Every structure is written in structure tokens, then in C-alpha cells.
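Contents: one structure, followed by commentary.
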Protein chains: 2
Amino acid sequence: MQTDDLTGDDLVGVLATLANPHRMRVLAALAGGRNYVSQLARELGISRALLQVHLKRLEKAGLVSATLELSEDGKAMKFYEVTPFELHLTPQALAAAALTLTDPNDVEKD
Amino acid sequence: MQTDDLTGDDLVGVLATLANPHRMRVLAALAGGRNYVSQLARELGISRALLQVHLKRLEKAGLVSATLELSEDGKAMKFYEVTPFELHLTPQALAAAALTLTDPNDVEKD
DNA sequence: GGCACGTGCAAAAGATTATTGGCAGGTGCT
DNA sequence: AGCACCTGCCAATAATCTTTTGCACGTGCC
């Protein structure tokens with residue numbers, strides 16, 4: 001994942017996702033290796049519910065990916081890992097991204 | 001300005017600032033050259049009040065800087081220009097930044 | 001059955017952002 | 001004086017994000 005293969009809107013989404021202390025810590029933790037939800041929650045010292053919300057946001061932004069696995073003793077465990085990415089942000093890169101932003105005047109609701 | 005001379009908290013602030021379509025357009029416009037508030041508002045097609053708020057946020061994040069100047073005919077005009085920056089975001093860079101995040105358990109209110 | 005693990009989801013409350021509209025001030029020109 | 005520019009700020013609303021609490025479901029083991 002790279003700066004210029006994202007649309008302006010997607011880039012905004014990714015940046016918004018990164019701009020949160022919890023999610024930054026989650027990403028940091030996963031950068032050290034894959035992990036499953038409950039364990040990750042314990043390591044970060046936050047509730048599982050809260051972590052889930054953040055993980056979903058990270059996943060939607062494409063920054064992490066999940067795999068549901070069965071442990072040896074038969075428990076369903078969801079492992080997350082970081083998607084490698086490399087965003088290079090400069091005024092020029094942002095100017096280019098801005099060109100592909102959705103015009104607020106023709107946004108359609110579902 | 002670079003990724004690793006920011007604290008984790010500052011980085012979160014910068015990312016949050018960038019993660020907005022209006023601000024991205026403002027930055028894009030200023031990347032093409034300095035400009036003053038009213039003119040910029042006209043070019044972007046947004047209200048001056050709204051632009052001001054976004055410019056302040058950009059300035060607080062250190063992404064733009066302002067200069068108050070007097071035009072030839074005596075009018076006070078505030079010119080903004082982009083601060084050159086180059087943020088390189090990777091899982092590793094974020095992991096490093098996460099180490100300097102403020103612990104939510106010892107935040108003090110004013 | 002009762003625990004100790006794992007998962008998921010959703011409603012509600014709290015906190016923060018985004019946006020508008022109005023009003024203040026200033027200059028110079030006719 | 002009245003108009004056309006420039007600036008700044010604030011109060012109120014609307015919209016969005018964050019966090020908690022509680023419930024549901026599953027497994028294996030004593």
C-alpha cells in the first residue's frame with residue numbers, strides 16, 4: 001500500500017484511522033507480530049469491546065487483516081496482522097490526492 | 001518536518017489535521033503558492049469562517065504558516081503558505097511513535 | 001452444571017468536530 | 001455617508017467518533 005494508489009477519499013480515511021492513540025498502539029503491537037483479539041486487549045490494557053471497534057476500523061482502512069483460526073484445543077481465535085504500507089506524505093503528494101476527492105456537492109446518500 | 005522528530009501525540013495531531021477533505025484541499029491550493037484568506041475562500045468555494053477554522057487547525061499542527069501584510073492600498077491581508085514536510089509512514093515508524101504517546105492514565109486537565 | 005477461555009454485536013451516553021450565521025473591527029474610494 | 005474590500009471571533013446547531021455496558025454464542029475441562 002502506497003500513497004499514490006489511494007484515492008483522495010481513501011487517503012483521508014486512512015489518515016483518520018491512523019490519527020488515534022489506541023489505533024496507533026494497536027498497530028504498533030501488531031507490528032511486533034500477529035496476535036489474537038483477547039490477548040491483544042490484555043497486552044494493551046483496554047477492553048475487548050473497545051479493541052474490536054478499533055480493529056474493525058483498521059481493517060476497513062486496509063491497515064490490518066484478520067484470519068479466524070482454530071486453536072489446538074478447539075477454540076475459535078481471530079488473529080490480526082498488519083498490512084505492510086508505506087505512505088509518503090508531502091505537500092505535493094497531498095495536492096495530487098486532493099484532485100481525486102469527492103466533490104461535497106454531489107455526494108449521494110444510500 | 002519529518003516523521004521522527006514528532007512525538008507520538010504530535011503525530012496523531014498532524015494526522016488528524018490532514019484527515020479532512022477541506023484541509024487537504026487547502027493544503028493542495030497553498031502548495032501551488034501562497035494566498036490570502038478571502039481569496040483562498042473564493043477559490044475553494046467555501047465560506048471564510050469555515051476556511052479560517054481549518055487554517056487555524058493547519059497552523060496549530062505546523063503545516064502552514066501565516067504572515068500579516070499590508071497591501072499597497074492599505075488593506076490588511078493574511079497570507080498563508082505551506083510548511084514543507086515529509087512524513088514517511090510505515091508500521092515501524094508508527095510503532096516508534098507509539099512509544100512516545102501520552103499514557104491515558106496520567107493525563108492532567110488544566 | 002459451572003468455570004474459564006474464545007468470539008460477536010448493539011444501544012446509549014459522552015466527547016469532540018464541523019459548519020453556519022451574525023457581528024465586530026479596519027482601510028480606501030466616490 | 002455608503003460601498004467594497006480586508007480581518008477576527010463566537011454562539012448554536014449538526015454531525016461524527018469514542019467508550020462503556022451488557023448480552024449473545026461457542027469450546028473444553030473438573
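Everything numeric here is computed off the predicted structure, so don't read it as measured data.
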Open item on the list: Check this one for me: any side-chain N or O of A/His22 less than 4.0 Å away from OP1 or OP2 of D/dT19?
Closed with: yes
- [ ] Whole angstrom is fine here: how far is it from CG in A/Leu50 over to C1' in C/dA13?
- [x] 15 Å
- [ ] Would you please classify the geometry between the A/His22 ring and the A/His54 ring as parallel, tilted or perpendicular, with 30° and 60° separating the classes?
- [x] tilted
Under 3.5 Å, which protein N or O atoms sit close to an N or O of nucleotides 6-12 of chain C? Give each pair with its distance.
from, atom 1, to, atom 2, distance (Å)
C/dG6, OP1, A/Tyr36, OH, 3.2
C/dG6, OP1, A/Arg42, NH1, 3.2
C/dG6, OP1, A/Arg42, NH2, 2.7
C/dG6, OP2, A/Arg42, NH1, 3.0
C/dT7, OP1, A/Val37, N, 3.3
C/dT7, OP2, A/Ser38, N, 3.2
C/dT7, OP2, A/Ser38, OG, 2.0
C/dT7, O4, A/Arg48, NH2, 2.7
C/dG8, OP1, A/Lys78, NZ, 2.9
C/dG8, OP2, A/Gln52, NE2, 3.1
C/dG8, N7, A/Arg48, NH1, 3.1
C/dG8, O6, A/Arg48, NH2, 3.1
C/dC9, OP2, A/Lys56, NZ, 2.7

TODO: Determine which pairs satisfy salt bridge (Lys or Arg N to Asp or Glu O under 4.0 Å) with at least one residue from residues 26-41 of chain B, sequence neighbours left out, and list them in order.
DONE: B/Arg34-B/Glu69
- [ ] List the atom of A/Leu6, the atom of A/Met1, and the distance in Å for their closest heavy-atom pair.
- [x] CD2-CE, 3.9 Å
Open item on the list: Of the options D/dT18, D/dT19, C/dT20, whose atoms approach the side-chain atoms of A/His54 most closely?
Closed with: D/dT19
- [ ] Rounded to the nearest 0.5 Å, what's the gap from CG on A/Asp4 to CG on A/Leu11? Could you check?
- [x] 10.0 Å
Task: A/Met24 and B/Leu15, any side-chain heavy atoms less than 4.5 Å apart - done: yes
Open item on the list: Just N and O in the side chain of A/Asn20: are any of them under 4.0 Å from OP1 or OP2 of D/dC17?
Closed with: no
- [ ] Send over the distance from B/Leu55 CG to D/dC9 C1', rounded to a whole Å.
- [x] 15 Å
Open item on the list: What is the separation between atom CG on A/Leu15 and atom P on D/dC17, rounded to the nearest whole Å?
Closed with: 14 Å
Open item on the list: On DNA chain D, does the nearest nucleotide to A/Asp73 precede the nearest nucleotide to A/Arg23 from the 5' side, or the other way round? Give the residue.
Closed with: A/Arg23
TODO: Compare every heavy atom of B/Leu30 with every heavy atom of B/Tyr80, then report the nearest pair and how far apart it is.
DONE: O-CD2, 3.5 Å
